[in-house]
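What follows is a short report on a single structure.
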Amino acid sequence: MPVFNAEQFVGESIKSVLNQSWQDWELIIINDGSNDQSQSIIDSFTDERIKRVNQINEGVSSARNKGVKLSEGNYICFLDADDVFTIDSLESRIEIFKRSEEIMFVDGSVEVYDSQLNNLQKSWKPSFRGEPFNDLVNLNGKTFFGPTWMIRKSGIKGIQLNESMSHAEDLLYYIEAARNGGKYDYTEEVILKYRSGNESAMKNLKGLEKGYEILISELSRMEEISASQLITIKKKIKYMMVKAYLRDFDIFSAISVYLNK
């Protein structure tokens with residue numbers, strides 16, 4: 001759990017881990033240079049399964065990399081400090097792993113709420129089973145909502161999140177993991193309640209645009225991806241960014257992205 005100035009929500013996120021039906025877990029909280037009351041809230045929890053690390057602000061990718069490095073379990077998953085696990089989030093995904101050693105990645109349904117988790121705005125559900133590499137690369141949206149995968153630890157050896165990216169870093173991380181093989185599966189259960197109304201990283205559209213630029217650059221180096229496939233990916237990303245800027249009433253940036261070759 002990377003934490004940066006999340007005093008309003010981090011306590012609720014931690015409680016959602018404490019309340020899991022599956023109790024054999026460790027929670028590694030990386031306080032990424034918060035200057036609000038986040039640390040005191042974190043310190044108010046005394047469960048010995050919670051590990052705490054403080055660092056200067058280095059970004060979400062650095063925090064997640066540190067958490068993965070410190071983790072001791074057979075599986076890892078991420079939880080942002082403003083989101084909440086449902087009570088069976090861990091158990092429902094672990095049960096899927098038990099079906100086959102070939103399963104490396106397990107996902108689940110997500111409910112998107114307002115900032116207070118009062119009003120359900122929309123839901124997302126995976127719709128693919130099998131090797132997820134092409135679905136991720138083609139941005140089909142059948143296997144990717146955000147950092148919601150639980151991953152068998154053996155499937156990510158040597159792979160780290162790109163610390164130069166503040167956006168789309170989770171997508172690139174999953175793509176790199178999927179290159180190593182292994183199957184993706186999912187539980188029908190809702191595993192995460194996601195807040196959309198607070199000040200999230202996805203509202204930083206310039207950061208998102210930069211993240212996609214790095215993503216495209218990294219994909220262009222992958223021999224599994226053809227030139228025609230890369231062109232299609234670029235078109236999809238351009239379309240998504242134009243729509244995002246238009247929703248934000250940033251006409252100039254929308255035109256700039258559209259005209260950018």
What I want to check is whether the side chains of S166 and K210 have a donor and an acceptor closer together than 3.5 Å.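 Distance-only check fails for S166 and K210.
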
Any donor-acceptor pair under 3.5 Å linking the side-chain atoms of E91 with those of S21?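 Looking only at side-chain atoms, E91 and S21 do form a donor-acceptor pair, the distance falling under 3.5 Å.
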
Return the [atom1] to [atom2] distance between [X] and [Y], rounded to the nearest 0.5 Å.
X: L18; Y: L27; atom1: CG; atom2: CG; answer: 7.5 Å
X: N54; Y: Q39; atom1: CG; atom2: CD; answer: 4.0 Å
X: I96; Y: Y186; atom1: CD1; atom2: OH; answer: 9.5 Å
X: L117; Y: S16; atom1: CG; atom2: OG; answer: 10.0 Å
X: K235; Y: K238; atom1: NZ; atom2: NZ; answer: 9.0 Å
X: H167; Y: L205; atom1: NE2; atom2: CG; answer: 8.0 Å

Okay, side chain of [X], backbone of [Y]: is any donor-acceptor separation there less than 3.5 Å?
X: S61; Y: E163; result: no
X: D36; Y: E7; result: yes
X: S123; Y: E111; result: no
X: R152; Y: I103; result: yes
X: S44; Y: I41; result: yes
X: N5; Y: N35; result: yes
X: S100; Y: E102; result: yes

For the student: nearest non-hydrogen atoms of [X] and [Y], plus distance:
X: G141; Y: D135; result: N-OD2, 4.3 Å
X: Y174; Y: T148; result: OH-N, 3.3 Å
X: S92; Y: E189; result: CB-CG, 3.9 Å
X: M241; Y: V257; result: CB-CG1, 3.9 Å
X: P132; Y: G182; result: CD-O, 3.6 Å
X: I156; Y: Y173; result: CD1-OH, 3.2 Å

Crowding at [atom1], [X] (>12 non-hydrogen neighbours, <6.0 Å):
X: K142; atom1: NZ; value: no
X: Q37; atom1: CD; value: no
X: Q55; atom1: CD; value: yes
X: K153; atom1: NZ; value: yes
X: K51; atom1: NZ; value: yes

Is any side-chain heavy atom of [X] less than 4.5 Å from a side-chain heavy atom of [Y]?
X: E58; Y: D32; value: yes
X: V60; Y: P2; value: yes
X: S109; Y: V190; value: yes
X: D170; Y: F144; value: yes
X: I29; Y: I50; value: yes
X: V84; Y: F9; value: no
X: D107; Y: I191; value: yes
X: S89; Y: T86; value: yes

hydrophobic_cluster_shared for [Y] and [X], side chain cutoff 4.5 Å:
X: I251; Y: L259; value: yes
X: M165; Y: F4; value: no
X: I87; Y: V110; value: no

Side-chain donor/acceptor pairs under 3.5 Å, residues 213-220, sequence neighbours excluded:
| from | atom 1 | to | atom 2 | distance (Å) |
| --- | --- | --- | --- | --- |
| S217 | OG | R221 | NH1 | 3.4 |
| E218 | OE2 | R221 | NH1 | 3.0 |
| S220 | OG | S217 | O | 2.5 |

Aromatic plane relationship, F128 with Y184 - under 30° parallel, 30 to 60° tilted, over 60° perpendicular: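 Judged by the thresholds at 30° and 60°, the geometry between Y184 and F128 is tilted.
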
Please work out whether the ring planes of F105 and W149 are parallel, tilted or perpendicular, with thresholds of 30° and 60°.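 Answer is tilted, since the angle falls between 30° and 60°.
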
side-chain contact (heavy atoms from CB on, under 4.5 Å) between C77 and R93: does it pass, once the steps are laid out? CA-CA 10 Å; C77 60; R93 285 181 280 179; 4.1 Å; yes

Of all pairs that satisfy ring pair (Phe, Tyr, Trp, His ring centres under 6.0 Å), the ones with a partner from residues 224-257, not counting sequence neighbours: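 Matches after skipping sequence neighbours: none remain.
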
For the pair Q229 and N138, evaluate side-chain hydrogen bond (donor to acceptor under 3.5 Å, both in side chains) and give the outcome as yes or no after the intermediate values. CA-CA 8 Å; Q229 195 174 16; N138 293 326; 3.0 Å; yes

Worked check of side-chain contact (heavy atoms from CB on, under 4.5 Å) between K157 and N180: CA-CA 10 Å; K157 288 182 179 178; N180 291 337; over 6 Å; no

[X]/[Y] ion pair, N-O < 4.0 Å:
X: R64; Y: D80; answer: yes
X: E188; Y: K125; answer: yes
X: R195; Y: E12; answer: yes

For L70, the rest of its hydrophobic cluster, which grows through side-chain links under 4.5 angstrom: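 Members alongside L70: I28, I30, V53.
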
Evaluation steps, side-chain contact (heavy atoms from CB on, under 4.5 Å), between F78 and L161: CA-CA 12 Å; F78 302 122; L161 289 125; 4.0 Å; yes

Y75 and F97: aromatic ring centres closer than 6.0 Å?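 Under 6.0 Å, so yes.
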
Do S154 and M104 pass the side-chain contact (heavy atoms from CB on, under 4.5 Å) test, and can you show the C-alpha distance, the side-chain angles, and the key distance before you say yes or no? CA-CA 8 Å; S154 60; M104 286 290 171; 3.9 Å; yes

